[in-house]
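Notes to accompany the following structure.
Note that the coordinates shown come from a computational prediction; the quantities given were computed from them, not determined experimentally. By convention in this document, chain letters (A, B, ...) are assigned in the order of the sequence lines, proteins followed by strands, and residues within each chain are numbered from 1.
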Protein chains: 2
Amino acid sequence: MAAKDSGAESKRSRRTGASPRSGQEPRSESPLSLERIVATAVELLDAEGLDGLKMRRLADRLGAGAMSLYWHVGNKEEVFDLALDSVLEYRGPAQADESDDWRGEVVHMLKDWRASMLRHPWSAALLPRRALGPNILNRLELLSRTLSGAGVADADLNVAIWSLWNYVIGATITRANFDLSEDDRAAAQQRLTALSQHYPTIERSRLLLDNDWDGAFRKGLDFLLDGLSPRR
Amino acid sequence: MAAKDSGAESKRSRRTGASPRSGQEPRSESPLSLERIVATAVELLDAEGLDGLKMRRLADRLGAGAMSLYWHVGNKEEVFDLALDSVLEYRGPAQADESDDWRGEVVHMLKDWRASMLRHPWSAALLPRRALGPNILNRLELLSRTLSGAGVADADLNVAIWSLWNYVIGATITRANFDLSEDDRAAAQQRLTALSQHYPTIERSRLLLDNDWDGAFRKGLDFLLDGLSPRR
DNA sequence: GAATTGACTCGTACAGTGTACGATTTATTC
DNA sequence: GAATAAATCGTACACTGTACGAGTCAATTC
């Protein structure tokens with residue numbers, strides 16, 4: 001298993017150490033930099049979604065020409081990669097490192113993960129396509145260590161990790177994409193009612209109208225962790 | 001919760017009932033039809049992936065002009081919707097309807113679901129964006145009925161369904177996107193080894209090199225079902 | 001100081017993309 | 001036949017990512 005590589009490398013071999021800024025004028029606009037490009041890309045993605053990120057528009061927001069971006073970045077895919085990883089950083093739980101509440105730690109990290117992605121709804125759909133940014137590896141490493149310390153057998157460890165991964169990814173992608181306007185919601189309800197004779201059970205349980213995403217995520221995660229808990 | 005609507009409707013209000021085919025010549029090429037368009041779109045998607053579906057190329061394969069498609073279809077998104085749902089049909093398990101093996105039934109349906117999507121790897125990424133095709137609703141209805149009949153409490157039913165949904169979607173999207181060439185695989189392994197001091201645990205467990213996707217899917221599903229099983 | 005180098009910026013151009021529009025061809029109905 | 005509807009498709013347009021090469025400007029070397 002592995003993630004794809006963007007293939008292209010930016011030409012700039014190394015960042016110039018400290019900002020030179022020797023002159024007196026602070027430049028008409030602040031100078032381009034990878035950091036600024038990535039931060040602005042995240043803004044643009046948040047505002048306009050995955051399809052809204054266009055190189056020309058990104059350059060506009062940066063007060064630069066479109067082709068200037070290509071000095072710092074190999075191609076558009078690399079912008080996606082960098083934006084994605086920049087959004088997935090995790091600083092551990094608030095309290096000390098040496099907690100014995102492994103379950104609480106797992107839940108905390110996964111809830112934070114989901115929350116981070118929902119703050120940037122384009123990120124969930126992107127993640128499975130390019131999985132190996134350092135921040136994601138960090139989370140997987142932490143998960144791995146915690147479960148291992150909790151007594152999950154080595155033979156079950158990978159399965160456990162992937163199960164949690166699958167659950168979080170699936171839940172978050174689904175949630176991010178079902179975030180609809182009121183109009184969409186009304187139309188959907190109407191459509192479903194029209195079909196209710198074909199789907200009586202999900203109609204009765206109001207599966208598609210249930211709105212408690214956070215609660216459902218939390219409860220389902222509990223079920224999964226129940227199943228994963230090492231049998232004594 | 002609801003799925004987005006394509007927005008556009010094809011102009012053709014209704015299919016002509018029976019193929020007229022009154023003439024004697026079978027036409028230079030067979031005539032365009034929604035069915036043929038969708039089937040060819042699936043072929044093209046299978047061959048070239050999500051990005052490979054271009055209206056012009058689809059028309060080429062059909063022996064038609066690009067704009068002819070728009071008589072049958074509102075826009076490109078609608079092609080995606082139709083292709084997706086056409087790939088997700090489910091005919092129940094082989095044996096009789098009235099099995100008391102609810103768990104076997106659930107596993108069968110979910111394995112089949114995953115297999116269907118992996119046969120068309122573009123489908124997994126598409127599904128969460130437009131969830132409400134009739135074939136998907138059928139699967140959810142079946143799932144709902146089976147779990148309910150198995151004794152899952154009404155209060156837990158929606159959570160259980162979404163948990164399984166999340167798991168299947170996450171697993172399948174991940175699997176479909178990690179399907180790499182040998183070169184990619186080698187590159188990834190090398191990269192990971194280079195970073196092994198940062199991620200010792202996942203390196204040791206060979207998390208990212210484990211290849212038994214089917215087994216992992218099955219085992220994780222068992223864990224999840226363990227957690228979901230109604231307590232006696 | 002002059003010349004050279006390298007980091008960086010960006011205008012122009014090109015080969016695509018989805019699809020609006022309207023003309024055209026073919027089938028159906030009177 | 002004539003009139004209408006169903007279906008096809010050529011052309012055109014606005015917009016995309018990015019290749020290419022010319023330009024700017026500061027630091028470095030003589």
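Checked by atom type and distance alone, the side chain of Arg119(A) never pairs as donor or acceptor with a backbone atom of Asp46(A) at under 3.5 Å.
Partners of Met67(A) by side chain to side chain contact (heavy atoms under 4.5 Å, CB included), not counting sequence neighbours, listed by chain and number: Tyr70(A). A search for side chain to side chain contact (heavy atoms under 4.5 Å, CB included) contacts involving Ala216(B) returns Val159(A), not counting sequence neighbours. Residues forming a side chain to side chain contact (heavy atoms under 4.5 Å, CB included) with Thr40(A) (at least two apart in sequence, or on another chain): Leu58(A), Arg61(A), Leu62(A).
Using the six-membered ring where Trp is involved, Trp165(B) and Trp113(B) have ring planes that are perpendicular, over 60° apart on the 30 and 60° scheme.
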inquiry  = Walk along nucleotides 10-17 of chain D from 5' to 3' and tag each nucleotide B, S or - by protein heavy-atom contact under 4.0 Å, base first, then sugar-phosphate.
reply    = BBB---BB
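One interatomic measurement links the two molecules: CG of Asp60(A) to P of dT9(C), which rounds to 15 Å at whole-angstrom precision. Put simply, CG on Leu58(B) is 13 Å from P on dC9(D), counting in whole angstrom units. Between the CG atom of Leu32(B) and the P atom of dT25(C) there is a distance of 19 Å, rounded to whole Å. When the P atom of dT18(D) is taken as reference, atom CD of Glu77(A) falls 8 Å away, rounded to whole Å. Rounded to an integer number of Å, the gap from CH2 of Trp71(A) to P of dC20(D) is 16 Å. One can place CG of Leu69(B) at 13 Å from P of dA20(C), the figure rounded to the nearest angstrom.
Rounded to 10 degrees, the angle between the two end axes of the helix from dG1(C)-dC30(D) to dC30(C)-dG1(D) is 10°, with five pairs used at each end.
Counting non-hydrogen atoms under 4.0 angstrom, Ala64(B) reaches the backbone sugars and phosphates but no base.
Here Lys76(A) does not pair with Glu78(A) in a salt bridge; the nearest charged N to carboxylate O distance is not below 4.0 Å. Ion pairing between a basic and an acidic side chain is recognised when a charged N comes within 4.0 Å of a carboxylate O; Asp212(A) and Arg218(A) show no such pairing. One finds a salt bridge joining Arg91(B) and Glu89(B) here, because a Lys/Arg side-chain nitrogen approaches an Asp/Glu carboxylate oxygen to under 4.0 Å.
A sub-4.0 Å separation between OP1 or OP2 of dA6(D) and a side-chain N or O of His72(B) is absent.
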Let me have the donor-acceptor pairs involving side chains of residues 49-57 of chain B, under 3.5 Å, with sequence neighbours excluded, atom names and distances please.
| residue | atom | partner | partner atom | Å |
| --- | --- | --- | --- | --- |
| Lys54(B) | NZ | Asp51(B) | O | 3.3 |

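Distances from the side chain of Ser68(A) to the nucleotides dA7(D), dC10(C), dC8(C) place dC10(C) closest.
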